[in-house]
Engineer: 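Let me give you the structure first, and then I'll get to my questions.
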Protein chains: 2
Amino acid sequence: MPEQSTESRRDELLRIAAGLFAEKGFKNTTVRDIADAAGILSGSLYHHFDSKESMVDEILVSFQTELFGKYDEILASDLDARSKIERAVRLSFETIDARGPEVAIFQNDADHLGKFERFSYLAERNNQSREVWMTLLREGLAAGVLRQDLDLQLVYRFIRDTVWVAVRWYRPGGDLSHDDVADQYLHILLEGITVGNSS
Amino acid sequence: MPEQSTESRRDELLRIAAGLFAEKGFKNTTVRDIADAAGILSGSLYHHFDSKESMVDEILVSFQTELFGKYDEILASDLDARSKIERAVRLSFETIDARGPEVAIFQNDADHLGKFERFSYLAERNNQSREVWMTLLREGLAAGVLRQDLDLQLVYRFIRDTVWVAVRWYRPGGDLSHDDVADQYLHILLEGITVGNSS
DNA sequence: GTCTATACCCGGATAGAC
DNA sequence: GTCTATCCGGGTATAGAC
């Protein structure tokens, strides 16, 4: 078994920290909180990491690298316009399922962290995300899939906000799978909640 | 003029605090921040308020009293089921427009504050809000306005999350009025973004 | 109603022993 | 790789003068 799941102590500490950052917020989580949860003392954390900032930095970078790799796969695929939008929406709910803490940190703390130079990549990723979605929506409009009277910028904002906000209540392993949630959400997004709509 | 807009010093301080709580979060806003913004020293705040907690408490209570009064008006009105849902959605965007800071505080800090006894009313209001929306949705279903295959609990969560999340980007006095945003959002919610849907 | 001065606690981070 | 001990800054809150 060449790739066994040996989580290094370092990775374990990052996972513990991510959970706490997600739950309480970055600033409201103390290094003592993290150390307590890991069963060590706060000073010992500094054997592994420079600072609390370094920890959240590492968490966010690795998360975003993975996520945007998947967005790029969707853009590069030969799916039709509607299917690409569906895939991108489903990717969000899969990500909430698999990487909930990272999504929550991003939702709650990215705005604040982004003000510091060290985290300037957060704003770049934000722009990149907008470009991905606007490309998908424009393709949908050009393909005649989307209604012509939509304000695409506004549609983008709604989708961006709504595909991620479920991280507040979704719990992996609960009654609803991420696929169930994605099905319902796509149905609402694509066809609305009222009767008399197509498909 | 019997009701002139004499904002008391106390009210002014609460307004300043609300803006800062909304921008930086409750815990990340210091009493010194508030005092600086008000042009006084931190010690002087304690002439007006017991504590920082009292300030956010007062802000949240008065906001919620006002908001839920309006929900009750909608419930008690003789509008048809679809119109009630539309009114409730529009009320959210009106509230974001008129009381943005309070909405933001509620969105960002209510979960955390709600863990303390002093703020237990937040959980009660949360339940009350769910009851309002579930009532409206059940009326919509009974009236044949909504699709029968919807998971109403899930629809409720989506609406709850999405009608308030616009507080993150909406700016009063900008290009889009709250009515514009509500129009577009209702269109998406009720009929979806794809072509071939009714009305 | 505001200021001065200060108490007290908790936060991130460090140095060096083990 | 962890612990002990500690520094220092900044946080909430208080007492009393003005």
Side-chain angles (χ1 to χ4, degrees), chain A residues 5-61 101 105 108-110 112-119, chain B residues 5-61 101 105 108-110 112-119:
Chain A
S5 65
T6 46
E7 187 187 48
S8 69
R9 182 65 168 145
R10 183 187 177 77
D11 289 344
E12 189 188 357
L13 292 171
L14 283 179
R15 190 173 45 76
I16 290 168
L20 289 167
F21 291 156
E23 188 189 323
K24 302 154 62 92
F26 173 68
K27 268 206 87 180
N28 299 335
T29 301
T30 72
V31 293
R32 287 177 176 86
D33 289 336
I34 302 168
D36 283 356
I40 58 177
L41 290 182
S42 63
S44 307
L45 275 180
Y46 291 83
H47 174 72
H48 302 274
F49 305 96
D50 286 359
S51 64
K52 197 175 81 162
E53 268 195 10
S54 299
M55 299 188 79
V56 78
D57 191 9
E58 207 162 313
I59 290 165
L60 291 174
V61 168
I105 296 168
N108 298 328
D109 289 307
H112 171 250
L113 291 172
K115 291 172 191 158
F116 304 97
E117 288 173 47
R118 167 163 202 176
F119 295 98
Chain B
S5 65
T6 45
E7 188 187 46
S8 68
R9 183 66 167 146
R10 183 188 176 77
D11 290 343
E12 188 188 357
L13 292 171
L14 283 178
R15 190 172 43 78
I16 290 168
L20 290 167
F21 291 156
E23 189 189 323
K24 303 154 61 94
F26 174 68
K27 267 206 88 178
N28 298 335
T29 301
T30 71
V31 292
R32 290 195 244 270
D33 289 335
I34 301 168
D36 283 357
I40 58 178
L41 291 182
S42 63
S44 307
L45 275 180
Y46 291 83
H47 174 71
H48 303 274
F49 305 97
D50 286 359
S51 64
K52 198 174 80 161
E53 269 194 10
S54 299
M55 299 188 80
V56 78
D57 191 8
E58 207 163 314
I59 290 165
L60 290 174
V61 167
I105 297 167
N108 298 328
D109 290 308
H112 171 249
L113 291 173
K115 291 171 192 158
F116 304 97
E117 288 173 46
R118 166 162 202 175
F119 295 98

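Lettering of chains follows the sequences in order, A, B, ..., and the numbering in each one begins at 1.
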Engineer: Atom CZ of B:F49 to atom C1' of D:dT12: distance rounded to whole Å?
Structural biologist: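 Those two atoms, CZ and C1', are 16 Å apart.
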
Engineer: Does C:dT2 have OP1 or OP2 under 4.0 Å away from a side-chain N or O of B:R9?
Structural biologist: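 Yes, B:R9 has a side-chain N/O under 4.0 Å of OP1/OP2 on C:dT2.
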
Engineer: Across the strands shown, which category fits A:T29 at heavy-atom distances under 4.0 angstrom: base, sugar-phosphate, nothing?
Structural biologist: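 Sugar-phosphate contact only - A:T29 comes under 4.0 Å of backbone atoms but never of a base.
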
Engineer: Map A:K27 and A:G39 onto DNA chain D by nearest heavy atom, then report which one ends up closer to the 5' terminus.
Structural biologist: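 So the residue in question is A:G39.
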
Engineer: For B:F26, does its backbone N or O pair with a side-chain atom of B:K52 as donor and acceptor, under 3.5 Å?
Structural biologist: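 Flag set: sc B:K52 to bb B:F26 pair under 3.5 Å.
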
Engineer: Could one point to a donor on the side chain of B:R32 or the base of D:dG11 with an acceptor on the other under 3.5 Å away?
Structural biologist: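 Counting by modelled atom types and ignoring angles, a donor-acceptor contact under 3.5 Å is found here.
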
Engineer: Keeping A:D57 on the side-chain end and A:S54 on the backbone end, is there a donor-acceptor pair under 3.5 Å?
Structural biologist: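 Side chain of A:D57 to backbone of A:S54, a donor-acceptor pair under 3.5 Å: no, none is there.
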
Engineer: Do B:T29 side-chain atoms and B:L20 backbone N/O form a donor-acceptor pair below 3.5 Å?
Structural biologist: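 The answer is yes, because a donor-acceptor pair under 3.5 Å joins these two groups.
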
Engineer: CD1 of A:I40 versus C1' of C:dA13: gap in Å, rounded?
Structural biologist: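 Distance check: A:I40 CD1 to C:dA13 C1' gives 14 Å.
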
Engineer: Does any N or O in the side chain of B:S44 come within less than 3.5 Å of the main-chain N or O of B:I40, such that one atom is a donor and the other an acceptor?
Structural biologist: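 No, B:S44 side chain to B:I40 backbone: no donor-acceptor pair under 3.5 Å.
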
Engineer: Please report the distance, rounded to the nearest Å, between CG in A:N28 and C1' in D:dT12.
Structural biologist: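 Distance check: A:N28 CG to D:dT12 C1' gives 15 Å.
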
Engineer: Determine whether B:N28 and B:F21 make a side-chain contact, defined as any pair of heavy atoms from C-beta on separated by less than 4.5 Å.
Structural biologist: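 No, too far: nothing below the 4.5 Å cut-off.
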
Engineer: Between C1' on C:dC10 and NZ on B:K52, what's the gap in Å once rounded to a whole number?
Structural biologist: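 Rounding to the nearest Å, NZ of B:K52 and C1' of C:dC10 are 13 Å apart.
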
Engineer: Looking only at side-chain atoms of B:H47, point me to the closest of D:dT2, C:dG12, C:dT2.
Structural biologist: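 Selected nucleotide (nearest to the side chain): C:dT2.
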
Engineer: Could you work out which one of D:dC3, D:dT2, C:dT2 sits closest to the side chain of A:L41?
Structural biologist: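 Nearest nucleotide to the side chain: D:dC3.
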
Engineer: Report the distance from atom CE of A:M55 to atom P of C:dG12, rounded to the nearest whole Å.
Structural biologist: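 In whole Å, C:dG12 P and A:M55 CE are 11 Å from each other.
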
Engineer: Calculate the interatomic distance between B:L45 atom CG and C:dG1 atom P; express it in whole Å.
Structural biologist: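 Whole-Å distance recorded here is 13 Å.
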
Engineer: In whole angstrom, give the distance that lies between atom CG of A:D50 and atom P of C:dA15.
Structural biologist: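 Rounding to the nearest Å, CG of A:D50 and P of C:dA15 are 13 Å apart.
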
Engineer: Given D:dT14, C:dC3, C:dT14, which nucleotide is nearest the side-chain atoms of B:Y46?
Structural biologist: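 The answer is D:dT14.
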
Engineer: Of all the choices, C:dG12, C:dA13, C:dC3, which nucleotide is nearest to the side chain of B:S44 once you look at every atom?
Structural biologist: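 My answer, after comparing the listed nucleotides, is C:dC3.
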
Engineer: Taking the side chain of A:H48 as its heavy atoms from C-beta onward, which of C:dT2, D:dT2, C:dA13 lies nearest to it?
Structural biologist: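 Given the options C:dT2, D:dT2, C:dA13, the side chain of A:H48 is closest to D:dT2.
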
Engineer: Rounding to a whole Å, what distance do you find between A:I34:CD1 and C:dC10:P?
Structural biologist: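 So the CD1-P distance, A:I34 to C:dC10, works out to 18 Å.
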
Engineer: What nucleotide among D:dC3, D:dA13, C:dT2 has an atom nearest to a side-chain atom of B:S42?
Structural biologist: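 Nearest to the side chain of B:S42 among the choices is D:dA13.
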
